[in-house]
Amino acid sequence: MEDTPTPSFPKKKKSHKAYLPQEDAVIAKWAKRFKSSKGWFSEAAREINQTFYEGRPIRNPNGVRARWMWYIDPVMEETSWTGEDDSKLLKLYFTYGNNWEKISRELPGRDPRAIRTRWKTLSKTSETIREPPQGQLDITNFL
C-alpha cells in the first residue's frame with residue numbers, strides 16, 4: 001500500500017467580532033470602579049461574556065485590556081501631531097530607541113502604537129531623522 005500525503009488545508013481564521021457600545025460601557029464601568037487593581041480585566045470579560053454571549057468565551061482579559069487602553073481610555077488623545085510633538089518624539093527616540101512603551105510615558109495621551117505609527121511616517125518622509133541630533137557622539141566610526 002502506498003502512502004499518499006494528506007492534503008493540508010489552510011487554517012480558518014477566527015473572525016473578529018466588533019465591540020458593541022454596550023460592551024464598551026461595561027468596560028468603562030469596571031475601569032472606573034477598579035482601575036487601580038489588576039484583576040478587573042478578567043472580571044469585565046466574564047461579565048461581558050455572560051451578559052451578551054450566554055457565557056461563551058468571546059471576550060478575553062487581554063482583549064478587554066487592549067480595548068480599554070487603545071480605544072476607550074479618556075486619557076488617550078486623538079489630536080493631530082504638532083511639530084513640537086514630532087520634535088519631542090525624535091528626541092525620545094534617540095534616547096530610548098524603539099522602546100515605544102517608555103516613549104509613551106513621556107508623551108502623555110499617546111499610546112505606544114500611535115507613537116510607533118507616527119515614527120514610521122516620519123522616517124519614511126525624511127531620511128535625515130535617522131541620524132542623531134547635533135552634538136551627540138557617533139560611535140560607529142570607532143567600532
Trace of the side-chain contact (heavy atoms from CB on, under 4.5 Å) decision for N99 with Y93: CA-CA 8 Å; N99 189 334; Y93 178 80; over 6 Å; no

Distance-only, no hydrogens or angles: does the [X] side chain make a donor-acceptor pair with backbone N or O of [Y] under 3.5 Å?
X   : Y    : result
T51 : I48  : no
K88 : E106 : yes
N49 : I58  : yes

For [X] and [Y], which heavy atoms make the closest approach, and how far apart are they?
X    : Y   : answer
A31  : W40 : CB-CH2, 3.5 Å
A45  : P61 : CB-N, 3.9 Å
W119 : L89 : N-CD2, 4.0 Å

Between R110 and D85, is there a salt bridge with N-O shorter than 4.0 Å?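 Yes, charged N to carboxylate O under 4.0 Å.
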
Between the side chains of Y53 and E23, does any donor sit under 3.5 Å from an acceptor? yes

Give a yes-or-no answer on whether the side chains of E47 and W30 include a donor-acceptor pair shorter than 3.5 Å. yes

Output the distance between atom CG (L122) and atom CG (D86), rounded to the nearest 0.5 Å. 4.5 Å

Cation-pi geometry met for R59 and Y19 (6.0 Å, 45°):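 Cation-pi check for R59 and Y19: passes.
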
